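For reference, the structure discussed in these notes is given below.
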Amino acid sequence: NTHSVVLFNKGFLSQYIAASWSDLEFTVTTPADKYTVRDLWEHKDLGVFSGSITLPVPAHGVRMLKLTPA
């Protein structure tokens with residue numbers, strides 16, 4: 001099962017924003033240990049991440065991600 005995650009930065013400066021699998025409320029399935037992460041707007045695979053992901057998000061920016069169990 002795939003999941004979508006959106007990282008929002010409402011601040012005036014670029015900053016790193018983290019998403020931990022345990023903090024995400026997956027309603028259908030339990031979180032996997034590792035996910036392959038794809039940035040949907042940049043059309044880029046970002047790699048396989050375990051437990052969480054931390055990415056830079058520009059000021060007033062958004063990153064839309066697709067998580068697929070690895």
Side-chain angles (χ1 to χ4, degrees):
N1 291 335
T2 62
H3 302 283
S4 297
V5 174
V6 178
L7 303 178
F8 289 99
N9 179 2
K10 297 192 278 184
F12 292 104
L13 301 173
S14 179
Q15 62 181 340
Y16 283 84
I17 298 181
S20 173
W21 306 163
S22 61
D23 292 340
L24 302 173
E25 296 184 17
F26 298 125
T27 57
V28 177
T29 62
T30 56
D33 291 332
K34 294 181 181 180
Y35 283 95
T36 300
V37 179
R38 180 168 178 83
D39 188 311
L40 295 176
W41 289 349
E42 293 185 11
H43 306 281
K44 292 182 182 176
D45 291 324
L46 303 179
V48 176
F49 293 82
S50 180
S52 67
I53 188 168
T54 302
L55 296 173
V57 181
H60 302 290
V62 177
R63 292 194 74 170
M64 179 91 178
L65 309 172
K66 180 172 102 172
L67 279 59
T68 305

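These numbers come from a predicted model, not from an experiment.
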Roughly how far apart are Leu46 CG and Lys44 NZ, rounded to 0.5 Å? 8.5 Å
In Å, rounded to the nearest 0.5 Å, how long is the span from CZ of Phe49 to CG of Leu55? 6.0 Å
Is the side chain of Asn9 donor-acceptor paired with the backbone N or O of Gly61 at a distance under 3.5 Å, no angle test? no
Name all pairs fulfilling the side chain to side chain donor-acceptor pair (under 3.5 Å) condition that reach into residues 47-70, sequence neighbours left out, sorted by first residue then second. Asp39-Arg63
Residues clustering with Phe8 (ILVMFWY side chains joined when closer than 4.5 Å, directly or via others): Val6, Leu40, Trp41, Val62, Met64
Taking all non-hydrogen atoms of both residues into account, name the closest pair between Val48 and Ala70 and its distance. CG1-CB, 3.8 Å
Side-chain touch Ile53/Tyr35, heavy atoms, less than 4.5 angstrom: no
Distance, nearest 0.5 Å, that separates CG of Leu65 from CZ of Arg38: 11.0 Å
Heavy atoms of Pro69 and Asn1 approach each other most closely as CD-O, 2.9 Å
